[in-house]
Each structure stands twice: as structure tokens, then as C-alpha cells.
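The next block holds one structure in the form of C-alpha cells; read it before the comments.
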Amino acid sequence: MTFGDFQAVKDTSFDLPKGKFLTILGPSGSGKTTLLRLIAGFEKPTVGEIFINGQPVNAVPPYKRAIGMVFQKLALFPHMTAAENVAFPLKMRRHDARNIGKQVERYLELVKLGGYGTRRIHELSGGQQQRVAIARALVFEPDLLLLDEPLAALDVKLREEMQLEFRRIQKELGVTTINVTHDQREALVVSDEIIIMNDGAIQQKAQPVRAYRAPENPFVAHFIGVTNFIEAVAVSANGSTVTLTCKGRELVGVLAAGSAGLAQAARCTCAIRAEQVRIAPSQDRLGKLETQVRGQVNDAIFEGERIVYEIKVAELGDVLMKVFDHDPVGHLQFGPGDIVHLGWNAKDLHVFAK
Amino acid sequence: MSGSRSKSVVIWAFVLAAIAMLSAPTIVVLGASFTAGNMIEFPPQGFSLKWYSAILSATDLRDAFFRSVYVAALNTIIAIPIGTLAGIALAKYKVRLENTIQVYLLLPFTIPLIGSGIGLMLVFGNAGALGQLWPVAIACCVINLPFMIWAVTASASNLSNDLELAAANCGAPPVQTFLYITLPAVLPGVITGSLLMFILGLNEFLVSLLLVDARSVTLPVQIYNSIRSIITPDLAAISVVFIVCAGVAVTLLDRLVGLDIFLKSK
Ligand SMILES: Nc1ncnc2c1ncn2[C@@H]1O[C@H](COP(=O)(O)OP(=O)(O)O)[C@@H](O)[C@H]1O
Ligand SMILES: [Mg+2]
């Protein structure tokens with residue numbers, strides 16, 4: 001999709017089986033909204049074709065597509081009540097007038113707004129407005145539900161509640177759903193499948209656990225979770241196990257699925273999650289972890305359920321590594337300046353060819 | 001403490017002075033209309049409603065009043081569709097000649113009314129339409145339409161683009177989207193603009209003066225003509241009726257949409 005000479009969405013191709021919940025995850029400006037607008041029919045693709053239920057839809061105007069959408073800013077009709085908002089798609093789609101009332105009531109109940117039908121939109125709280133928007137998008141039983149970051153404006157507690165709510169409703173109705181978000185937690189919690197996007201291009205498509213555990217490129221590793229990056233040079237490879245060196249220090253890791261084959265002396269980026277690095281005051285407390293390095297605490301950030309340490313590791317070229325300590329209860333705490341030992345398993349170090 | 005008190009005394013003094021100056025003409029006319037004497041004067045001599053009963057039987061004033069109402073109504077009816085569509089288009093779409101249109105919107109403040117009045121007089125004169133009321137209504141409409149367009153544009157530019165997309169997503173074709181979503185959203189602007197057009201049409205003097213003849217004088221022109229012969233208190237009485245009409249329109253405006261949209265820009 002091109003605006004002027006700017007490519008907002010590049011070569012993008014994916015398919016989505018019926019009834020699945022897909023999340024498109026990406027930073028803001030990565031083209032997520034543009035992609036949804038293409039699917040909804042608000043924009044025409046400059047090149048390419050979109051199929052819904054196997055039918056090409058490029059020539060179908062938005063009002064003839066059976067797609068429900070929850071907008072980023074909800075876009076509820078301010079001059080109508082909640083029930084009138086939900087009834088609008090049924091009226092426009094010429095449903096039998098006698099059944100509209102019942103159908104509206106059913107969907108308001110589905111989103112737990114039974115009895116709120118006569119309220120005006122501005123008389124509802126943020127969370128309730130969300131629910132009206134969901135009911136309006138679903139009431140005509142669309143083939144496809146599109147969600148454009150509708151939760152972004154809510155506070156954390158409400159957002160987490162609504163994420164589960166989306167999940168519940170989607171399971172209950174079995175409606176095929178494409179959700180867009182920049183919130184990695186949301187993507188992991190609600191989805192059957194995740195597409196990670198950056199700069200208008202798909203970076204990876206995978207199930208949540210796989211996207212988290214087996215990122216295919218540094219962008220995905222960086223965008224989901226808290227990840228440490230180490231620059232290294234490949235020495236040898238044995239199957240997917242790679243031996244590398246960084247500043248003369250040997251490292252062993254696993255070649256990421258996206259990077260096929262490594263030339264000798266190829267420059268690589270290695271990634272390891274913050275929670276997969278163990279921290280200990282002395283080497284003997286690290287047990288059998290395959291890679292062990294020494295570092296100095298730069299900073300210790302208390303986040304409640306965990307402490308995030310920032311550790312400067314001289315032997316890996318003064319790289320700053322983030323490490324979580326998951327068990328703060330009665331555990332040793334380190335302060336800036338303390339010398340500590342870090343350890344991790346080779347299978348957790350993802351190696352990406354450059 | 002005393003500093004802020006003296007400040008508020010000064011402010012109040014200004015406010016009272018301003019209110020006095022703004023309302024003085026109305027009060028004078030109002031007082032003069034209740035005089036029991038035969039001369040327009042203030043303070044009035046005694047109190048009576050005789051000049052009000054006099055205008056009831058003064059057919060020329062009464063007819064002129066109804067002509068003015070007719071002109072105001074017709075000019076509003078013409079302005080509503082044109083102004084609404086133009087306002088929405090200006091606010092929402094990239095219109096060709098947009099700059100030219102912006103200049104047109106400033107015309108009421110830049111072109112002297114006497115100039116446009118003479119122009120319209122020539123046009124309608126050539127068409128042989130002088131002496132009828134509809135050219136006056138059209139003239140009022142042409143001159144005051146920018147006010148209508150402004151009012152609509154102000155509410156249309158608050159209208160989020162997503163709202164119309166949401167309607168399309170709900171299955172509404174463009175015409176339905178316009179009727180059910182766009183129009184209700186700009187309705188406050190349309191009401192504001194219409195009442196404004198009505199008041200301006202009711203009060204229009206200079207252009208009417210040029211376009212009317214003896215058969216079709218509107219009230220402001222009628223009053224003006226009368227003043228040039230003898231000034232009797234019935235003129236004050238009809239002026240009061242006139243002011244009340246405008247007052248009713250303003251009250252309606254306030255009730256329906258709130259006057260504060262005039263007081264703050266957009
Ligand atoms: N109508 C448009 N005209 C020009 N550029 C646009 C338009 N819509 C979006 N873009 C650009 O396309 C890119 C992707 O935008 P968007 O799809 O809104 O991203 P996201 O929803 O992921 O934040 C942005 O850089 C944005 O500036
Ligand atoms: Mg967006």
C-alpha cells in the first residue's frame with residue numbers, strides 16, 4: 001500500500017483459518033492500521049488482492065463487506081444511545097425489524113451491558129463504551145472481526161480485563177478475528193497466532209509461545225520480551241548449534257529458524273532473554289549452566305514482583321545485560337558496584353546471521 | 001486582599017458601563033413605546049399601550065413586518081441546503097478553489113454593503129424582478145451565507161472521519177451515512193446558522209432599501225421611510241416588536257445549541 005511515494009504496507013501475505021484469533025503486533029507507524037483499513041475496504045491496495053472466504057474483495061465497497069470493526073478511537077455514534085448504536089448495523093443491513101430489538105438485547109448481554117441500552121454514549125464509562133463498540137461490531141454476525149488497538153487508551157487493570165473479555169467473546173462466538181496492538185503482553189495473552197510487523201513488512205508469523213521462544217530475527221527478539229544482544233563472530237557450526245567468539249571469549253548458541261546457514265567468520269547477533277540469565281554472588285551458585293561470565297552491577301531496579309539488574313560484562317566487550325531476579329523474597333540483593341556471576345544455557349542463546 | 005478588591009471594583013465598573021451602553025438604545029426605544037404622549041421622547045410621558053394598539057391597525061407597518069418575516073424565512077430556507085453542503089464540503093474535503101472560497105467567506109467584512117447592494121440591484125433590475133420579495137430574500141442569502149457556512153464548518157470539523165468509516169463498516173452506503181451520521185453530527189451548526197440567517201434577514205436594511213419599491217418595503221425600510229416624515233411613538237412600538245422577534249430567535253438558539261459557540265472560536 002503506497003501513499004504518495006511512501007510504502008506504508010509492503011509485500012505482505014498471510015492467510016487466516018476460520019475461527020482463529022490473529023494478532024498483528026508492531027510498533028506504532030509499522031502499518032498495522034493501514035493493513036486493517038485495507039481489509040475493511042477503506043483503502044484500495046495499490047497492488048495485490050485480498051480474499052475473504054475465498055472471494056476476491058478488492059472491488060467490494062466497505063459497506064458490502066461482512067466485516068465488523070472496533071476502531072482505535074471507537075467511533076461510536078454520539079447522537080445515538082447504546083442500543084441504537086448496536087442496532088445501526090442491523091438496520092443498515094436490512095434485518096427483519098421485528099428481530100432487531102431482540103438481537104440487540106442479546107449482544108448487549110453478551111458484552112455484559114444488559115439494561116444499559118437506553119444510555120447515551122457519553123453517559124457510559126470508557127470500559128462500557130468499549131463493550132458497546134464490540135457489540136456493534138459483532139451484532140450482525142460478521143465473517144471477520146477487526147480490532148484496531150481499541151484497548152490502548154484504557155488503564156492497565158481495565159485493559160487486562162478487556163483482553164480476557166475479547167478472548168471469551170471470541171471463543172463463545174467463534175468469529176475469525178484480527179486484532180492489532182503494540183502491546184506484546186496483549187498479543188501473547190489473547191492470540192492463537194501472532195504476526196509481528198515492522199516498517200510495513202511481516203517479520204514473523206507464529207503461535208505466541210513460538211514467537212516468544214523462537215524469534216526468527218533480532219527485531220522480533222527485541223520487540224517481544226526483554227532481550228540482551230551480544231555481537232559475535234561465528235567459528236563453527238554443528239547442525240543448528242553454533243560456536244562463536246566475542247572478544248576472544250567462546251559462546252555457544254542455537255541458530256534461529258530464520259537464518260539459514262552461517263559462513264565461517266560470519267558476523268552474528270546473539271540474543272538472550274533477561275529471565276533466562278541467572279545471577280549469583282559466586283560461580284559455584286550457578287550450578288551447571290553452560291555459559292558463565294563475570295560482571296559488575298551497574299543498576300538495580302525494583303519493580304515489585306522482580307528486580308531488574310543491569311550488569312556490565314567486561315569479557316563480552318562491556319555489554320550491558322539486563323537480568324531478572326525472580327525470587328526477591330529473602331534472596332540476596334545486589335547493589336551498584338557489586339561483582340556478580342551470570343550464567344545461561346546454550347539452547348537459550350539465539351543466533352541470527354547478519 | 002484590598003488590591004484584588006479594587007481590581008474587581010474596576011472590572012465591575014467596566015462591565016456595568018458596557019452593559020449600559022449596549023442596552024441604552026433598546027431601553028430608550030422600549031420606554032418611548034409606552035408613552036402616553038404623541039411624541040417619541042425619553043423618559044416617556046406617562047404610561048400607555050395605545051401605540052401598540054395603534055400598530056395593530058396600522059396596516060402599512062404590519063404588512064411590512066410580515067414581509068420582513070417572509071424575507072427572513074425564505075432566505076433561511078434557501079441557505080440551509082446550500083450552506084450545509086458547502087460547510088461540510090469545506091470542512092471535510094480538499095475542495096478545489098478553496099482559497100477563493102475562503103476569500104468569499106470574508107466578504108461580509110470587507111465589501112461595503114452598499115457596493116454589493118448596488119450590484120444586486122443591477123442584476124435584479126436587468127432581470128425585471130425589482131419590486132418583488134424573493135429577490136430581497138436571495139440578496140440577503142447571498143450576502144449572509146458565509147455566516148451559515150461558518151456555523152456548519154465549525155461543527156463539521158469536530159466530526160471525526162472515523163465516524164463515517166464506522167457507518168460504512170456497519171453496512172451504510174454513502175447516502176445513508178450522510179443522512180444518519182454526518183447530518184445529525186453537524187445539526188447544531190445547521191441550527192445555529194439558520195437562526196443566524198433568520199435574524200440577519202429580518203434586520204437587513206441597506207440591501208432591502210435598494211431592492212424594494214413601494215409595494216414591497218420591508219420593516220426596517222418602512223420605519224426608515226416613516227422617520228423621514230413624522231416621528232410618532234408607533235415606530236418605537238413596532239421596533240420593540242421587532243426586537244422581541246430577534247430576542248426570541250436568540251433565546252431559541254441558546255436553548256437549542258448554546259450561545260457559547262459564538263463566544264469561543266471553534
Ligand atoms: N493516508 C495516509 N497518507 C500518508 N501516509 C499515511 C497515511 N496513512 C498512514 N500513513 C503512514 O503509514 C505509516 C503506517 O501508518 P499506520 O498504518 O497508521 O501505522 P500503525 O497503525 O501501525 O501505527 C505511517 O508512517 C503513516 O504516517
Ligand atoms: Mg494504528
Side-chain angles (χ1 to χ4, degrees), chain A residues 33-34 36-43 60-81 84-95 100 104 107 120-121 129 132-150 178, chain B residues 80 83-85 87-89 91-96 98 151-195 252-258 260-261 264 266:
Chain A
T33 297
T34 308
L36 282 196
R37 291 166 60 89
L38 284 166
I39 298 170
F42 304 146
E43 310 275 0
V60 181
Y63 56 90
K64 287 192 181 147
R65 300 188 186 190
I67 296 177
M69 180 155 176
V70 179
F71 287 73
Q72 191 156 7
K73 289 181 186 137
L74 300 188
L76 292 169
F77 307 129
H79 56 285
M80 298 183 189
T81 63
E84 284 165 352
N85 265 279
V86 179
F88 190 73
L90 297 177
K91 288 197 184 127
M92 289 303 117
R93 290 168 194 275
R94 299 179 193 286
H95 284 233
I100 288 182
V104 168
Y107 275 84
R120 299 225 150 230
I121 296 309
Q129 294 184 3
V132 176
I134 298 168
R136 185 182 69 180
L138 287 172
V139 70
F140 61 97
E141 294 166 0
D143 296 338
L144 179 62
L145 175 66
L146 303 178
L147 307 168
D148 188 2
E149 307 203 42
I178 301 181
Chain B
I80 286 174
T84 304
L85 295 179
I88 291 174
K92 290 186 28 79
Y93 306 104
K94 286 209 165 40
V95 181
R96 250 189 292 171
E98 182 152 359
V152 176
T153 307
S155 47
S157 49
N158 293 333
L159 170 75
S160 120
N161 201 27
D162 275 358
L163 226 47
E164 292 178 347
L165 294 181
N169 184 250
C170 287
V175 173
Q176 266 85 337
T177 300
F178 182 79
L179 288 180
Y180 292 114
I181 306 300
T182 315
L183 217 46
V186 300
L187 199 60
V190 175
I191 294 174
T192 309
S194 314
L195 285 167
L252 265 179
L253 193 61
D254 192 29
R255 278 289 153 77
L256 289 173
V257 286
D260 46 349
I261 66 168
K264 56 174 189 258
K266 273 212 211 155

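All values below were derived from every heavy atom in this structure, side-chain atoms included, with hydrogens, water molecules and symmetry-related copies excluded. A, B, ... follow the sequence lines: proteins, then strands. Residue 1 opens every chain.
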Nearest heavy-atom pair of A:F140 and B:N169: which atoms, and what distance?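 It is CZ-O, 4.2 Å.
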Test log, rule side-chain contact (heavy atoms from CB on, under 4.5 Å), inputs B:T177 and A:Y63: CA-CA 10 Å; B:T177 300; A:Y63 56 90; over 6 Å; no
Name the region of A:P78, side chain, backbone, both or neither, that has any atom closer than 4.5 Å to a heavy atom of chain B.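 Looking at A:P78, just its side chain touches chain B.
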Side chain, backbone, both or neither of A:L146 within contact of chain B (heavy atoms, under 4.5 Å):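 Looking at A:L146, nothing touches chain B.
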Please name all residues satisfying side chain to side chain donor-acceptor pair (under 3.5 Å) with A:R37, sequence neighbours left out, ordered by chain then number.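 Only A:E43 meet the side chain to side chain donor-acceptor pair (under 3.5 Å) criterion with A:R37.
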Is any side-chain heavy atom of B:Y180 less than 4.5 Å from a side-chain heavy atom of A:M92?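 Yes, side chains in contact.
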Would you tabulate the side-chain donor-acceptor contacts of residues 159-168 of chain B under 3.5 Å, counting partners in other chains and residues two or more places apart, or write 'none'?
unit_1: B:S160; atom_1: OG; unit_2: B:D162; atom_2: N; d: 3.1
unit_1: B:S160; atom_1: OG; unit_2: B:L163; atom_2: N; d: 3.4
unit_1: B:E164; atom_1: OE1; unit_2: B:K92; atom_2: NZ; d: 2.6
unit_1: B:E164; atom_1: OE2; unit_2: B:K92; atom_2: NZ; d: 3.4
unit_1: B:E164; atom_1: OE2; unit_2: B:T182; atom_2: OG1; d: 2.6

Any side-chain to backbone donor/acceptor pair from A:R93 onto B:C170? Under 3.5 Å, distance only.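 Such a contact is found between A:R93 side chain and B:C170 backbone.
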